[in-house]
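To start, the structure itself, in structure tokens.
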Amino acid sequence: MTDAKQDFLPFALPDIGEEEISEVVNALRSGWVTTGPKTRQFEADFAAFLGGGLEAIAVNSATAGLHLGLEALGVGPGDEVITTTHTFTASAEIIRYLGADPVFVDVDPNTLCIDVAAAERAITPRTKAIIPVHFAGRSADMEALLAIARKHGVRVMEDAAHALPTTCGGKMIGTLDSDVTVFSFYANKTITTGEGGMLVTRNPELAKRARVMRLHGINRDAFDRFTSKAPSWYYEIVAPGFKYNMTDIAASMGIHQLRKAQAFREKRAYIAGLYDESLAELPIIRPPHAAPGDVHSWHLYVIQLDDTVKVGRDQFIERMFAQGIGCSVHYIPMHLHPYWRDTYKLTPEMFPASQRIFEHTVSLPLYTRMTEADVQRVVRAVKEALR
Ligand SMILES: *Cc1c(COP(=O)(O)O)cnc(C)c1O
């Protein structure tokens, strides 16, 4: 009997329960399927979950939220925005949406998050903002980053697509002193609405701008039009906005996913712990943990093959797939993608840490529906693939 004869174990799977299903059905039957009461509730629940009196603005993707956040910060043509090369392209593409230029910096190999010293060196008079990414669900060094941002008068928007729930210095990501934080509810994230995201901010001006730009630049939202005292047909366009609102169908899922977020995190942390133990003796660099006392969301379990390993990264992944195990790579860094590489003349030598990590990195399956037997199966496949 070999593992190859078993069912394929996918890299990621959402965890949707009967609660989400009934709430979605309830939304469908209610006659209100776009942004409405369920979205309002999800926003209120989300703000309460993070705590700290902030505003939560639901959107149809984290990419949309990042775009709205940077727009509200006033980023435009001629500006520079610093981010990490070791991320998903969404962190950078939204800078280009606004006609500004991303300035990519390397990562700290100990956290896989933005190298704060490199970020500070990249600041120029054109720098408007910095976008750190809490890679895999481990927070970036936000204390140092916020300090340099303050010192140079630069804004900070956190790409928290991996970071629900994550803490930094004992505080939930989303409640720190940055300007804007954006979470993702994409299908493979720690909680999901299929597609969706949440922008959070403490700054009422930024919140107001993001709300208006989320829906066509209309100065009142669609739900208000049918509930407020003003005639329902009347609205004003105050800017050329976007179509980024979340539907009540998605929010119905989000309401229940959020209630499970802590339990989901505990399950993920448990699986990460099993991997840590089982892989300890192998020629593998295990993922960085959170700083002492802090919470890691464990969105991803990212290993690096040691230099002593004879099998290459690509061949390792092929061998995992041959044994029925889905794996992934986080990330192909921005400096290797044709668009970013050619537009900004980027080379691997400019990002030695990210380049090295990329060449050795594999993400193993990590999700709440995995059983202990699934984890042991992945571990056996890793051992086999390393031979
Ligand atoms: C998933 C992800 C995004 C984009 O999220 P969407 O909700 O799919 O738009 C942005 N940044 C990072 C780091 C991500 O992993």
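Below, each value reflects all heavy atoms present in this structure, side chains not excepted, and no hydrogens, waters or symmetry copies. Note that ligands are numbered from 1 as they come in the structure, with each ligand's atoms numbered from 1 the same way.
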Assess, by modelled atom type and distance only, whether the side chains of [X] and [Y] contain a donor and an acceptor separated by less than 3.5 Å.
X      : Y      : result
Tyr367 : Asn188 : no
Ser363 : His330 : yes
Glu93  : Tyr97  : yes

With under 30° as parallel and over 60° as perpendicular, where do the rings of His67 and Phe242 fit, or are they tilted in between?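 Tilted.
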
Determine the interplanar angle of the Trp340 and Phe104 rings, folded into 0 to 90°, and report it as parallel if under 30°, tilted if 30 to 60°, perpendicular if over 60°.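 Plane angle over 60°, so perpendicular.
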
Present, as a list of atom pairs with distances to 0.1 Å, all nitrogen or oxygen contacts under 3.5 Å between ligand 1 and the protein.
residue: ligand 1; atom: 5 (O); partner: Ser184; partner atom: OG; Å: 3.2
residue: ligand 1; atom: 7 (O); partner: Ala62; partner atom: N; Å: 2.9
residue: ligand 1; atom: 7 (O); partner: Ser184; partner atom: OG; Å: 2.7
residue: ligand 1; atom: 9 (O); partner: Ala62; partner atom: N; Å: 3.3
residue: ligand 1; atom: 9 (O); partner: Thr63; partner atom: N; Å: 2.9
residue: ligand 1; atom: 9 (O); partner: Thr63; partner atom: OG1; Å: 2.5
residue: ligand 1; atom: 11 (N); partner: Asp159; partner atom: OD1; Å: 3.4
residue: ligand 1; atom: 11 (N); partner: Asp159; partner atom: OD2; Å: 2.7
residue: ligand 1; atom: 15 (O); partner: His162; partner atom: NE2; Å: 2.7
residue: ligand 1; atom: 15 (O); partner: Lys189; partner atom: NZ; Å: 3.2
residue: ligand 1; atom: 15 (O); partner: Tyr331; partner atom: OH; Å: 3.0

Please list all pairs passing the salt bridge (Lys or Arg N to Asp or Glu O under 4.0 Å) test where one or both residues lie in residues 145-155, with sequence neighbours left out.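 As it turns out, the salt bridge (Lys or Arg N to Asp or Glu O under 4.0 Å) pairs with a partner in residues 145-155, which skip direct neighbours, are Glu120-Lys151, Arg155-Asp179.
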
